[in-house]
J.: 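Pasting in a structure now, in structure tokens, and then I'll have a few things to ask.
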Amino acid sequence: MMTALFIATIVSIGANAFIALADYVEAELVLKNSAEVRVPVNVLPCLASLKLAGAVGLVIGVAAVPWFGVAAGVGLVLFFIGAVAAHVRARVFYNIAFPGLYLLLAVASTAYMVQKAVGA
């Protein structure tokens with residue numbers, strides 16, 4: 001089980017770093033999705049920074065300080081609950097799987113970090 005959670009954590013790190021970069025450069029897919037869920041373009045750098053901070057926090061958690069990773073994982077869980085809620089609020093369901101997948105990765109990462117922190 002720990003191996004699967006570790007792999008999910010590594011995927012989460014990569015996925016969040018990738019989408020943060022896409023947010024920073026205002027990639028077409030990001031702009032289209034943001035418009036559909038009514039997220040202003042001017043907040044994209046802030047959202048990107050939160051995702052990148054989560055990814056960096058998970059790296060620190062994996063490498064050295066597991067409780068730092070727990071905090072990062074919880075932050076990402078809360079972030080992606082908000083993303084799913086934004087999709088529901090805007091009634092944009094055809095691509096809700098994307099924030100849902102990121103949420104699932106964040107939950108798995110948090111579980112891994114908690115298990116690592118408590119020495120399980």
Side-chain angles (χ1 to χ4, degrees):
M1 181 64 154
M2 281 293 282
T3 302
L5 292 175
F6 173 74
I7 291 168
T9 301
I10 299 305
V11 171
S12 183
I13 291 166
N16 280 288
F18 171 78
I19 201 63
L21 179 62
D23 286 353
Y24 282 128
V25 300
E26 296 181 356
E28 185 177 329
L29 71 105
V30 171
L31 294 176
K32 181 178 181 271
N33 190 52
S34 298
E36 288 180 335
V37 297
R38 298 188 301 267
V39 172
V41 175
N42 65 333
V43 302
L44 288 178
C46 294
L47 299 177
S49 296
L50 292 171
K51 293 173 199 173
L52 190 57
V56 169
L58 290 176
V59 169
I60 293 169
V62 168
V65 186
W67 286 110
F68 205 88
V70 172
V74 169
L76 286 170
V77 167
L78 294 173
F79 181 93
F80 288 110
I81 287 172
V84 169
H87 278 255
V88 171
R89 180 200 65 191
R91 300 180 193 273
V92 177
F93 300 111
Y94 76 93
N95 65 355
I96 199 168
F98 289 105
L101 176 61
Y102 278 88
L103 175 58
L104 182 62
L105 289 170
V107 168
S109 298
T110 304
Y112 174 74
M113 289 294 146
V114 168
Q115 287 185 357
K116 187 174 180 188
V118 297

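The chain is numbered in sequence order, starting from 1. No experiment lies behind these values; they were computed from the predicted model shown.
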J.: Any idea which heavy atoms bring Gly69 and Leu58 closest together, and the distance?
T.: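 Minimum heavy-atom contact is O-CD2, 3.6 Å.
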
J.: Does Val37 share a hydrophobic cluster with Ile96, counting links as ILVMFWY side-chain heavy atoms below 4.5 Å and allowing steps through other members?
T.: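 Per the 4.5 Å side-chain linkage, Val37 and Ile96 are co-clustered.
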
J.: Is any side-chain heavy atom of His87 closer than 4.5 Å to a side-chain heavy atom of Asn95?
T.: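 Contact flag for His87/Asn95 side chains = yes.
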
J.: Would you mind reporting whether Phe93 and Val88 have side-chain heavy atoms less than 4.5 Å apart?
T.: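 Yes - at least one pair of side-chain heavy atoms lies under 4.5 Å apart.
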
J.: Phe79 versus Leu47: any side-chain heavy-atom pair under 4.5 Å?
T.: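 A side-chain contact exists here, since the closest heavy-atom pair is under 4.5 Å.
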
J.: Verify the cluster assignment for Met2 and Val70: are they in a single hydrophobic cluster under the rule of side-chain heavy atoms below 4.5 Å apart?
T.: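 The answer is yes; both residues are in one hydrophobic cluster.
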
J.: Other residues, nucleotides and ligands only: do more than 12 of their heavy atoms fall within 6.0 Å of CZ on Arg38?
T.: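 Above 12, so yes.
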
J.: Could you tell me which non-hydrogen atom of Pro45 sits nearest to which non-hydrogen atom of Tyr24, and how far apart they are?
T.: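 Residues Pro45 and Tyr24, closest heavy atoms: O-CE2, 3.8 Å.
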
J.: Within this structure, what is the CD1-CG distance for the pair Ile13 and Leu52, rounded to the nearest 0.5 Å?
T.: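 That separation rounds to 11.5 Å.
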
J.: Is there a path of hydrophobic side-chain contacts, each under 4.5 Å between heavy atoms of I, L, V, M, F, W or Y residues, that connects Leu29 with Phe18?
T.: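 Not linked; separate clusters.
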
J.: Looking at every non-hydrogen atom in both residues, tell me the closest pair between Phe80 and Pro99 and how far apart they are.
T.: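 Taking Phe80 first and Pro99 second, the nearest heavy atoms are CB-O, 4.1 Å.
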
J.: According to a hydrophobic-cluster definition based on side-chain heavy atoms being under 4.5 Å apart (Ile, Leu, Val, Met, Phe, Trp, Tyr only), do Val39 and Val84 belong together?
T.: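 Shared cluster, yes.
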
J.: Using the rule that two of Ile, Leu, Val, Met, Phe, Trp, Tyr join whenever any of their side-chain heavy atoms come within less than 4.5 Å, decide whether Val114 and Val59 are in one cluster.
T.: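 Same cluster.
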
J.: Any side-chain heavy atom of Thr110 within less than 4.5 Å of one from Thr9?
T.: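 A side-chain contact under 4.5 Å is absent here.
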
J.: Would you check if Ile81 and Val77 make a side-chain contact, meaning some heavy-atom pair closer than 4.5 Å?
T.: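 Touching, per the 4.5 Å side-chain cut-off.
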
J.: Which atom pair, heavy atoms only, marks the closest approach of Ala15 to Tyr102?
T.: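 Closest pair (atom of Ala15, atom of Tyr102, distance): O-OH, 3.3 Å.
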
J.: Locate the shortest heavy-atom distance separating Ala72 from Gly54; write the atom from each residue and the value.
T.: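 Closest pair (atom of Ala72, atom of Gly54, distance): CB-O, 3.6 Å.
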
J.: Does the pair Glu36 and Lys32 meet the rule for a salt bridge (Lys or Arg N to Asp or Glu O under 4.0 Å), with working shown?
T.: CA-CA 6 Å; Glu36 288 180 335; Lys32 181 178 181 271; 3.5 Å; yes

J.: Report yes if some heavy atom in the side chain of Val41 is under 4.5 Å from a heavy atom in the side chain of Leu44; otherwise report no.
T.: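 Touching, per the 4.5 Å side-chain cut-off.
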
J.: Are Phe6 and Ile10 packed together at the side-chain level, in the sense that at least one heavy-atom pair is separated by less than 4.5 angstrom?
T.: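 With C-beta onward as the side chain, the pair touches.
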
J.: Going by side-chain hydrogen bond (donor to acceptor under 3.5 Å, both in side chains), name the pairs with one or both residues in residues 13-23, residues two or more places apart or in two chains.
T.: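 The answer is Ser12-Asn16, Asp23-Lys51.
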
J.: If we only count heavy atoms from C-beta on, is the Tyr112 to Val62 side-chain gap below 4.5 Å?
T.: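 The answer is yes; the side chains approach within 4.5 Å.
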
